[in-house]
Amino acid sequence: RSPTTRGSRLARAARAARDGAVVEIYSGEYEGDVTVWRQGDLTLRGIGERPHLRAGGRAAEGKAIWVIKGDRVTVENLELSGARVPSHNGAAIRAEGEGLTIRNCHFHHNEMGLLTNPSPDSVVIIEDSEFDRNTTDTERHGRLGHNIYIHQARRFILRNSYVHGARTGHQVKTRARHNEIRDNRIQDGDGWGSLLLDVSNGGQAEVIDNRFQQSALAGNRTAIGFAGESRDRSSPEHALRVEGNSFVNEGGAATFVRNHSSAPALLRGNRLPGRGVTPLRGPGSVD
């Protein structure tokens, strides 16, 4: 284990830690204590009541509260808020390594919640966490703020989490090749985002047992988009299964799933209460 961070700044712990270390962060407020983590196989764990890391007008490398460059890092029981940077994509965490697990965390009121760099072999897991109100002034800056943005990765798993309150940007955007979105609440809430879930590049996606809600103010009347930015929408690697979800539409006419690929999507056992919802646009079947 590395030395604990009581009485010291997190930046000092980041310099002292070695590969494979467990860094324990005690409860409290950490104002402006931004840092870069370079070690691999690292565990960053809040102890007791969730420690709160506030950006306080600072950002590591002009990117985030934490920039994680190491591979296979786990982040547990932490709260991160307030990241703002000149490029208007200040994140709670910018992940630049290969492999990241986030567990029992709360990222809120940043310009981006989690933003990952392209890493084709990376596996990103988020579980038991909350992401909300991570957004920027799009009309003013011309940039989008997303609660979660997973760039190129081998696999992305989001489960048992609550993602809500983005404005203009997406609640969840992923470009991973394999996606498992299961047992979450993904909702506009008091925000007015674009897509609730954007599986931008297509690939393999399972969207199972989630609760979706779209605000009447949402600028995009589609809840789930699939392969909208794929370079090859006819690729045999595309496959989409959407099963056991609920979708509450608070606005006018809406589409639950928009499949831009040529692969038939499978929709089964989803609950779409109210009027004006088209279950599927694009190829596929609805049961």
Side-chain angles (χ1 to χ4, degrees), residues 91-92 102-110 112-116 124-135 144-150 153 155-176 178-228 240-251 254-259 265 267-274 277-280:
I102 294 174
R103 184 179 296 121
N104 189 32
C105 289
H106 186 192
F107 296 177
H108 61 95
H109 294 95
N110 306 282
M112 292 275 191
L114 171 65
L115 176 59
T116 72
V124 180
I125 301 172
I126 299 173
E127 55 189 10
D128 304 316
S129 295
E130 182 175 3
F131 291 73
D132 65 286
R133 299 172 181 84
N134 297 289
T135 190
L144 291 175
H146 308 301
N147 273 320
I148 297 172
Y149 186 0
I150 307 301
R155 183 174 295 276
F156 170 50
I157 298 172
L158 175 66
R159 59 192 171 210
N160 198 35
S161 294
Y162 184 23
V163 186
H164 60 105
R167 299 185 177 183
T168 308
H170 303 312
Q171 305 299 341
V172 180
K173 183 179 180 72
T174 171
R175 299 183 184 276
H178 299 267
N179 300 274
E180 180 185 327
I181 313 298
R182 185 183 293 268
D183 294 315
N184 305 286
R185 288 183 291 162
I186 303 176
Q187 304 174 338
D188 281 336
D190 60 1
W192 49 86
S194 181
L195 296 173
L196 298 173
L197 171 62
D198 183 20
V199 187
S200 309
N201 292 357
Q204 310 280 317
E206 294 184 344
V207 184
I208 312 294
D209 293 337
N210 303 281
R211 287 182 282 169
F212 294 98
Q213 171 262 336
Q214 188 171 58
S215 165
L217 298 176
N220 191 326
R221 301 311 306 165
T222 295
I224 300 171
F226 182 77
L240 173 62
R241 180 163 69 100
V242 182
E243 185 172 344
N245 304 279
S246 66
F247 171 49
V248 175
N249 166 41
E250 297 181 349
T255 298
F256 179 44
V257 176
R258 177 67 171 96
N259 178 16
L267 275 65
R268 184 167 56 196
N270 300 290
R271 300 172 298 283
L272 311 176
V277 177
T278 299
L280 173 64

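Both backbone and side-chain heavy atoms feed into the values below; hydrogens, waters and symmetry mates do not.
Residue N184 holds its CG atom at 12.0 Å from CG of L196, rounded to the nearest 0.5 Å. Atom CG of N259 sits about 11.0 Å away from atom CD1 of I224, to the nearest 0.5 Å. Atom-to-atom distance recorded for F107:CZ and I126:CD1 is 8.0 Å, nearest 0.5 angstrom. Taken from OG in S129 to OH in Y162, the straight-line distance is 14.0 Å, to the nearest 0.5 Å. Between the CZ atom in R185 and the CG atom in N210 there is a gap of 11.5 Å [rounded to 0.5 Å]. Here the straight-line distance linking atom CD of E130 with atom CG of N104 works out to 11.0 Å at 0.5 Å rounding.
The shortest heavy-atom contact between S246 and R211 is OG-CG, 3.4 Å. Between G193 and D188 the shortest heavy-atom distance is N-OD1, 3.4 Å. When all heavy atoms of G203 and F226 are compared, the closest pair comes out as O-CZ, 3.3 Å. Of all heavy-atom pairs between Q187 and F212, the closest is CG-C, 4.4 Å. Shown here for F247 and P273, the closest heavy-atom pair between the two residues is O-CD, 3.3 Å. Counting all heavy atoms, side chain and backbone alike, I150 lies closest to A153 at CG2-CB, 4.2 Å.
Side-chain contact check for L240 versus V199: every heavy-atom pair is 4.5 Å or farther apart. In this structure the side chain of V242 never reaches within 4.5 angstrom of the side chain of L280, judged on heavy atoms. Contact annotation: the side chain of L195 never approaches that of K173 to less than 4.5 Å [non-hydrogen atoms, C-beta and beyond]. Using a 4.5 Å heavy-atom cutoff, the side chains of E127 and N160 are not in contact. Looking at heavy atoms from C-beta onward, T168 lies out of side-chain contact with T135 at the 4.5 angstrom threshold. Counting heavy atoms from C-beta on, the side chains of T116 and F156 never come closer than 4.5 Å.
A donor-acceptor contact under 3.5 angstrom links the side chains of Q171 and N147, judged on distance only.
A donor-acceptor contact shorter than 3.5 Å links the side chain of Q214 to the backbone of T222. Judged by distance alone, the side chain of D209 and the main-chain N or O of N245 form no donor-acceptor pair under 3.5 Å. Side chain of N134 to main chain of H146: no donor-acceptor pair is present (N/O by atom type, distance under 3.5 Å, no hydrogens or angles).
E206 pairs in a salt bridge (Lys or Arg N to Asp or Glu O under 4.0 Å) with only one of the listed residues (R241, R159, R268), which is R241.
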Q.
If you apply the rule side chain to side chain contact (heavy atoms under 4.5 Å, CB included), what do you find for H106 with D132, and how did you get there?
A. CA-CA 8 Å; H106 186 192; D132 65 286; 2.6 Å; yes
(Q) Would V124 and L114 count as a side chain to side chain contact (heavy atoms under 4.5 Å, CB included) here? Give the steps. (A) CA-CA 11 Å; V124 180; L114 171 65; 4.2 Å; yes
Q.
Before you tell me yes or no, could you show the steps for D190 and R133 under side chain to side chain contact (heavy atoms under 4.5 Å, CB included), namely the whole-Å CA-CA distance, both residues' side-chain angles and the distance that decides it to 0.1 Å?
A. CA-CA 9 Å; D190 60 1; R133 299 172 181 84; 3.0 Å; yes
